[in-house]
Amino acid sequence: MKFTPEQYKLPDVSMQPFLDDEEIWSFIHAARPSLEQVEAVIARSLAKNRLNLAETAILVNATDPEMIEMIKAGARALKEKVYGKRIVLFAPLYVGNYCSNNCRYCGFKASNKKAIRKTLTKDELIANVKALEEHGQKRLILVFGEHHTYSPEFIAETVKTVYDVKKDHGEIRRININAAPLDIEGFKTVKESNIGTYQVFQETYHHPTYKVCHPSGKKSDYDYRLTSLDRAMEAGIDDVGIGALFGLYDWRFEVLSLLRHVNHLEACYNVGPHTISFPRIQDASEYDLDDSNHVTDEEFTRLVAILRLAVPYTGLILTARESEATRKEVLSYGCSQIDAGTKLEIGAYAENPDVNQNLNKEQFKINDDRTLAQVIDELLEADYIPSFCTACYRKGRTGQHFMEFSVPGFIKKFCTPNAMLTLAEYIMDYASDSTAVKGWQVIERNLADMDDEGYKAELMNRIERIKQGEHDLYF
Ligand code: SAM
Ligand code: SF4
């Protein structure tokens, strides 16, 4: 029998709900990992292949300590082989906490009468951005509750205001968004304001749990949320972030579902998500769920190592929800971005920094409240290169994470030198004397590792220009 070209074509599943709970569970139930299988799956990842659902199911079912150690060692090896030593830093800026949803885990939910509601005025927004710039921040994620006042036009206007704020040598060079899902027109409006990544987390991919956790409001529509990043793609935003809130349901199911979401976006739009987030539930005002799906520290570190191996070319974001110790371990598995100097209380960056955390003003509690300066100092001590690089996005090199991974020498040519340039700029503008000493040492060590003498000379020349007062140099 002969097929016409039309019949060879796969059906277009873009904008269609794609997650089947039973299918996900069937992969988990089918996997009975042996040491050899775990080894083989890790080898496939180290050979730069994205894992499929069956392979990832082998990793999530591996409970033997020897297998777990192999998985963690595999993630560390992948990080060293592919990503090098740089860690990109950012800060979240909560713009407003009005919300019409009732997510049972969130302090901003509409039914929480104790929550102190606020949307930053334009002046307050500017004051907060100036305060962030005074510490050296260059990359922000703006966070919003889901409320009709936070319209696409409002979000776009907020983005423009933030980009316009300049304090001394400070400026914000990349703004990501974490806000409610929009329709295609809405995403187009926000895109025009020149955003980086648009993040929407599914929270839990498990249908019954989703229903329990999101009893009312727009967010109660599972499918509308699941297809939100399809709409972003249709609107031309090809830089999107997915995530699951760990602790709502079985973590193994969520890991496989995140991968299913990656598959879906790759199949429909030829590009996977730019980043994956894996927030773990923290205590919040009027928190209203049992902890039967609590994810232990051991499970959490394991699931991050598994995600690293499953999607070797996707950025992994780790937040200050986690403690310093957990962050330290997880960084070694290849998280590429962390927040630092984080404050969740609305307006807190521009207010008295010593106020104690007040759960009624925040979305949830954080566990790492170190300042940006402290985080940078500690990253340098651990031989990482703290980076504020925004070069790819500004040079129009889209699909950056994929290129880092797949283009030989990309990291050596762009990422590491750019990380060094932004670090040099930070040292000149903001670092204490002792941090500066550590910072220059890290730069020297990384320069010594460079083998292309011509490129190294150009980089040294640019570092010298930064020392003479120039800013914003990048390759
Ligand atoms: N309102 C928008 C939404 O729900 O998508 C965007 C902002 S919401 C403030 C950002 C994320 O915070 C949520 O997607 C959720 O994963 C996370 N979150 C909510 N409550 C949390 C809690 N108690 N602990 C940790 N993370 C939480
Ligand atoms: Fe509102 Fe988002 Fe909190 Fe849900 S998670 S209550 S949508 S702010």
Side-chain angles (χ1 to χ4, degrees), residues 92-119 140-152 154-155 158 176-182 186-187 190 197-205 209-210 212-222 224-226 228-229 232 240-249 254 258 275-291 293-295 300 317-323 326 339 342-346 357 359-368:
L93 173 56
Y94 278 69
V95 179
N97 67 353
Y98 283 89
C99 194
S100 46
N101 290 321
N102 266 311
C103 311
R104 290 178 60 182
Y105 44 80
C106 179
F108 292 170
K109 65 184 156 216
S111 63
N112 183 4
K113 301 294 173 234
K114 290 189 194 155
I116 300 164
R117 306 279 168 185
K118 178 156 185 59
T119 303
L140 299 184
I141 179 152
L142 303 185
V143 187
F144 302 80
E146 179 158 359
H147 194 255
H148 63 89
T149 51
Y150 308 139
S151 62
F154 177 84
I155 295 175
T158 307
N176 299 332
I177 303 289
N178 187 323
L182 304 174
F187 276 122
V190 173
T197 311
Y198 199 105
Q199 294 182 344
V200 177
F201 304 158
Q202 187 64 20
E203 320 295 11
T204 172
Y205 286 89
T209 307
Y210 190 93
V212 171
C213 293
H214 307 100
S216 62
K218 234 178 153 180
K219 195 163 165 181
S220 61
D221 185 341
Y222 178 108
Y224 186 75
R225 195 160 176 99
L226 189 70
S228 52
L229 297 175
V240 299
I242 63 172
L245 183 54
F246 281 89
L248 296 179
Y249 188 55
E254 308 293 11
L258 284 166
T275 54
I276 298 184
S277 301
F278 30 85
R280 190 162 49 149
I281 288 207
Q282 306 300 318
D283 192 17
S285 169
E286 299 290 83
Y287 182 85
D288 172 28
L289 285 169
D290 66 42
D291 62 356
N293 286 300
H294 173 71
V295 178
F300 183 75
I317 302 186
L318 175 69
T319 71
R321 291 172 180 88
E322 298 303 330
S323 68
T326 304
D339 57 342
T342 296
K343 290 185 185 155
L344 299 190
E345 202 173 294
I346 301 196
Q357 284 190 32
L359 267 191
N360 291 328
K361 290 189 180 172
E362 295 168 338
Q363 191 195 10
F364 51 81
K365 192 171 158 302
I366 57 171
N367 284 307
D368 184 350

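Side chains included, hydrogens not; waters and symmetry mates left out as well; all remaining heavy atoms used. Whatever order the structure lists them in is the order used to number ligands and atoms, beginning at 1.
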- For Lys114, the salt bridge (charged side-chain N to carboxylate O under 4.0 Å, His left out) test, sequence neighbours excluded, returns Glu286

Atoms in ligand 1 with a heavy atom of [X] nearer than 4.0 Å:
X      : answer
Gly145 : 1 (N)
Val143 : 7 (C), 9 (C)
Arg280 : 25 (C)

- Hey, is the main chain of Ala320 close enough, under 3.5 Å, to the side chain of Asp339 for a donor-acceptor pair? yes

Under 4.0 Å from ligand 1, counting heavy atoms only, is it the side chain of [X], its backbone, both or neither?
X      : value
Phe201 : side chain
Leu245 : side chain
Arg321 : side chain
Tyr287 : neither

- When you check the space around atom 3 (Fe) of ligand 2, which protein N, O or S atoms turn up under 2.8 Å? Cys106 SG

- Note on the structure: Tested for side-chain contact (heavy atoms from CB on, under 4.5 Å) against Asn101, the lone hit among Lys218, His147, His214 is Lys218

- For Ser277, all residues meeting side-chain contact (heavy atoms from CB on, under 4.5 Å), sequence neighbours excluded: Gln199, Phe201, Pro279, Ile317

- Residue-ligand contact Val200/ligand 1, heavy atom below 4.0 Å: no

What residue and atom, counting heavy atoms only, is the protein's closest point to [atom], and at what distance?
atom                    : value
atom 5 (S) of ligand 2  : Lys219 NZ, 3.4 Å
atom 13 (C) of ligand 1 : Glu203 OE2, 3.2 Å
atom 6 (C) of ligand 1  : Asn178 OD1, 3.0 Å
atom 20 (N) of ligand 1 : Tyr105 CD1, 3.3 Å
atom 1 (N) of ligand 1  : Phe144 O, 3.0 Å
atom 21 (C) of ligand 1 : Phe364 CD2, 3.5 Å
atom 19 (C) of ligand 1 : Gln363 NE2, 3.0 Å

- Indicate yes or no: does an N/O atom of Arg225 lie under 3.5 Å from an N/O atom of ligand 1? yes

- Item | Short N or O distance, Tyr94 and ligand 1, threshold 3.5 Å exclusive | no

- Query: For Tyr222, what residues pass the ring-ring contact (aromatic ring centres under 6.0 Å, His included) criterion, not counting sequence neighbours?
  - Reply: His207, Tyr210

- Nearest option to atom 24 (N) of ligand 1, as decided by whichever heavy atom of Gln282, Gln199, Lys218 sits closest: Gln282

- Which is closest to atom 4 (O) of ligand 1 in terms of heavy atoms, His214, Gln202, Lys219? Lys219

